[in-house]
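Reviewing the structure listed below.
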Protein chains: 2
Amino acid sequence: MSPLPPLFSALGDPTRLAIVERLMTEGELDAGTIQAALPISAPAVSRHLDVLKRAGLVTRRAEKQRRLYAVRPEALTTISQWTMSHREFWDTSLRRLELAIKKDQTP
Amino acid sequence: MSPLPPLFSALGDPTRLAIVERLMTEGELDAGTIQAALPISAPAVSRHLDVLKRAGLVTRRAEKQRRLYAVRPEALTTISQWTMSHREFWDTSLRRLELAIKKDQTP
DNA sequence: CCAATATTTAACAGTCTTGCTAATTAAAGA
DNA sequence: TCTTTAATTAGCAAGACTGTTAAATATTGG
């Protein structure tokens, strides 16, 4: 239901990944608090938050004159499900790799 | 060890995501075979493959005059580990959401 | 050696992205 | 009402991204 490329694209920027990680560990935060920890201007942060919002990664709600942002758990679930849907591939590939290395080291 | 933003950024392009998914289901493929399924020129595909390579998402090896590409399982593991490291957040958030919806529907 | 095949590199155009400062909008509170 | 606080939108510049065609590189196989 949720398209992956916008999610990956949004997380591909280090600033946005940092914002998402902070929101996940600290929970809902307002734009000002998010901005304070970053080395860029408020308008720049506002645009990053808009990108995250349009990708479906965060929600936004108004509280007095503040805008509160929070990560949408469904977005993370979508990514998790994608990796899991390919788990058979990377799990067995990794196992094969480890076996090959072991065989190489102790001949 | 492997940085996430380049991985996410590389997967943020629909063409590259499609390439990675195809390589995961079909295994190692040469550049020409990958290009044949896509609506863009060979040089464009070559550049996408280079982006994937530099992000650490694929390996490349020469076989006669062909270049064979394959997904690095470690890259997928890195992403999986990231989602899992935040699983407590999205798992409990989702559960809370579901409870709130249920409470709303049957008052 | 030469022609064919496979792929990449070069050069270029159009479009996005990201940052900035200045201006605007919205609500709070004296 | 007027000032302060919070955040966004507008407008602009620098640089990155993606696609194209043409040229270059490398390997094969007659």
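The figures here come from the full heavy-atom set of this structure, side chains too, leaving out hydrogens, waters and symmetry mates.
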Residues touching DNA chain D, which here means a heavy atom under 4.0 Å, drawn from [range]:
range                     : value
residues 55-71 of chain A : A:R60, A:Q65, A:R66, A:R67, A:Y69
residues 36-44 of chain B : B:I40, B:S41, B:P43, B:A44
residues 5-35 of chain A  : A:D30, A:A31, A:G32

Provide, to the nearest angstrom, the distance between the [atom1] atom belonging to [X] and the [atom2] atom belonging to [N].
X     : N      : atom1 : atom2 : result
B:D50 : C:dT7  : CG    : C1'   : 12 Å
A:R47 : C:dC20 : CZ    : P     : 10 Å
B:K53 : C:dT7  : NZ    : P     : 16 Å

* Do the side chain of B:T78 and the main chain of B:E74 share a donor and acceptor less than 3.5 angstrom apart? -> yes
Same hydrophobic cluster for [X] and [Y], using side-chain heavy-atom links shorter than 4.5 Å among ILVMFWY?
X     : Y     : answer
A:L94 : B:L23 : no
B:L4  : B:L11 : yes
B:I40 : B:Y69 : yes
B:V51 : B:L17 : no

* Presence of B:H48 side-chain N/O under 4.0 Å of D:dG19 phosphate oxygens OP1/OP2 -> yes
* Parallel under 30°, tilted from 30 to 60°, perpendicular over 60°: which one fits the rings of A:F8 and A:W82? -> perpendicular
* Asked: Would you say the ring centroid of B:H86 lies under 6.0 angstrom from that of B:W90?
  -> no
* Asked: Considering all heavy atoms of both residues, which atom of B:A55 and which atom of B:A10 are nearest to each other, and what is their separation?
  -> CB-CB, 3.9 Å
* Asked: If you measure from the Lys or Arg side-chain nitrogens to the Asp or Glu carboxylate oxygens, is any gap between A:R96 and A:E98 under 4.0 Å?
  -> no
* **B:M24 and B:L76, any side-chain heavy atoms less than 4.5 Å apart** => yes
